[in-house]
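All residue numbers refer to positions in the sequence shown, counting from 1.
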Amino acid sequence: MTNLRKIRTRLTALFFLLIFSGAGLSAATFDYEQPFSLNPVNESIQLGVGGLLSGSALVCDKILHIKNNDFNAADLNLSEISTLEQILMKPYSKPLHIVGTGTMALALATPAVFAVLPAKEWLTIGTMYLETMLLANGIKEWMKLLVYRTRPYMYFDDYPQDKVEDGDWNCSFPSGHSTLAFAAAAFSTMVFCQCFPDSKWKYAVAGGAFGLAATTGIFRMACGKHFFTDVLVGAVIGTACGFIVPYMHTKNFYGKFEKKSGRANANLTPAGLTFSYNF
């Protein structure tokens, strides 16, 4: 338990270093740029899609129970697992599971650095973050429902019986903790770099956020909950959501859908009267 406390203390210190380092931005808010904006149609679509994915997955899992969670030890076949993933397989560890959940929570809190922005921007940043999390969560939850993959700890003799009883044992793919942690990391990095393009803190924020996300993935494998590919796919899904959602609120994105008004011109020439229309 002493080593566990040391790990948790160091991770907490890293998080607060990242957060409070952002306080230095308050003196440089004159470099702040306003690259994001909300649009009623865009927000309705994104909140609707994310909410529908997350909500429907919750209903299908907890109420309709569409996934068959009956365990049969005879179905386990270690030969179907790649050599690399067998090397990284670990038995279940509750302390490491707790640490991994803690690093995920810290990763989810990294957007707190945007508290240094003017208060009028908090609604925009908060809405984008909510949309990011709903989308990432909905995608990973539906994948867990549709994909049957036994967790690594089930291949060891001392697997936790309570995980079998609650149906958690075959929900390995993808890693939900990694998905959400990387979504938060990508979101924080994307938004920070857009808001403070010339800030010297860009690399520190990106490194700290993705460092926490990567640490989360490592602990998810170390505690026996996930295979390497579970974490990898979760990282890809989360990172994609974390970058795409903020991008869909930028001027560059909206500019692609703006209609340019045409202009009609009439000219009198020796050849007669000509008309032109510029699009």
I'd like to know if R151 and D230 make a salt bridge, using a cut-off of under 4.0 Å between side-chain N and carboxylate O. no
Please state whether the rings of F192 and F114 are parallel, tilted or perpendicular, taking 30° and 60° as the class boundaries. tilted
Which pair of non-hydrogen atoms, one from L180 and one from M133, has the smallest distance, and what is that distance? O-CE, 3.9 Å
Can you find a heavy atom in the side chain of W169 that is under 4.5 Å from one in the side chain of T150? yes
Given Y153, which partner from the list P91, C223, P160 fulfils the side chain to side chain contact (heavy atoms under 4.5 Å, CB included) test? P160
Applying side-chain contact (heavy atoms from CB on, under 4.5 Å), run through L76 and F71 and close with a yes or a no. CA-CA 10 Å; L76 299 183; F71 174 62; 4.1 Å; yes
Hey, what do you get for CG (L135) to CG (L130), rounding to the nearest 0.5 Å? 11.0 Å
Are side-chain heavy atoms of F227 and V233 found at a separation under 4.5 Å? no
Heavy-atom closest contact (I81 atom, Q86 atom, distance): O-NE2, 2.9 Å
Could you tell me whether D157 atom CG has more than 12 heavy atoms of other residues or ligands within 6.0 Å of it? no
Tell me whether Q34 contacts the main-chain N or O of F36 through its side chain, where contact means a donor paired with an acceptor under 3.5 Å. yes
Strictly distance-based, threshold 3.5 Å: is any side-chain N or O of K140 a donor or acceptor partner for the main-chain N or O of G176? no
With clusters defined by side-chain heavy atoms of hydrophobic residues (ILVMFWY) lying less than 4.5 Å apart, directly or transitively, does L38 cluster with V191? no
Side chain to side chain contact (heavy atoms under 4.5 Å, CB included) filter on N77, not counting sequence neighbours, yields S79, E80
Mind checking whether E43 and T127 have side chains closer than 4.5 Å, heavy atoms only? yes
side-chain contact (heavy atoms from CB on, under 4.5 Å) for L117 and F196? Distances and angles first, verdict last. CA-CA 10 Å; L117 294 178; F196 301 96; 3.4 Å; yes
For the side chain of S188 and the backbone of A185, is there at least one donor-acceptor N/O pair under 3.5 Å apart? no
Mind checking whether Y129 and F187 have ring centres under 6.0 Å apart? yes
Return yes if some donor-acceptor pair links the side-chain N/O of T239 with the main-chain N/O of V236 below 3.5 Å, else return no. no
Are any side-chain N or O atoms of H226 and backbone N or O atoms of M221, one a donor and one an acceptor, separated by less than 3.5 Å? no
Hey, mind stepping through T101 and H177 against side-chain contact (heavy atoms from CB on, under 4.5 Å) and telling me if it holds? CA-CA 7 Å; T101 300; H177 283 60; 3.2 Å; yes
Rounded to the nearest 0.5 Å, the CG atom of L47 sits from the CG atom of N42 at a distance of 9.0 Å
Would one find more than 12 heavy atoms of other residues, nucleotides or ligands at under 6.0 Å from atom NZ of K67? yes
Taking only residues two or more places apart in sequence, or in another chain, which ones meet Y148 in a side chain to side chain donor-acceptor pair (under 3.5 Å)? none
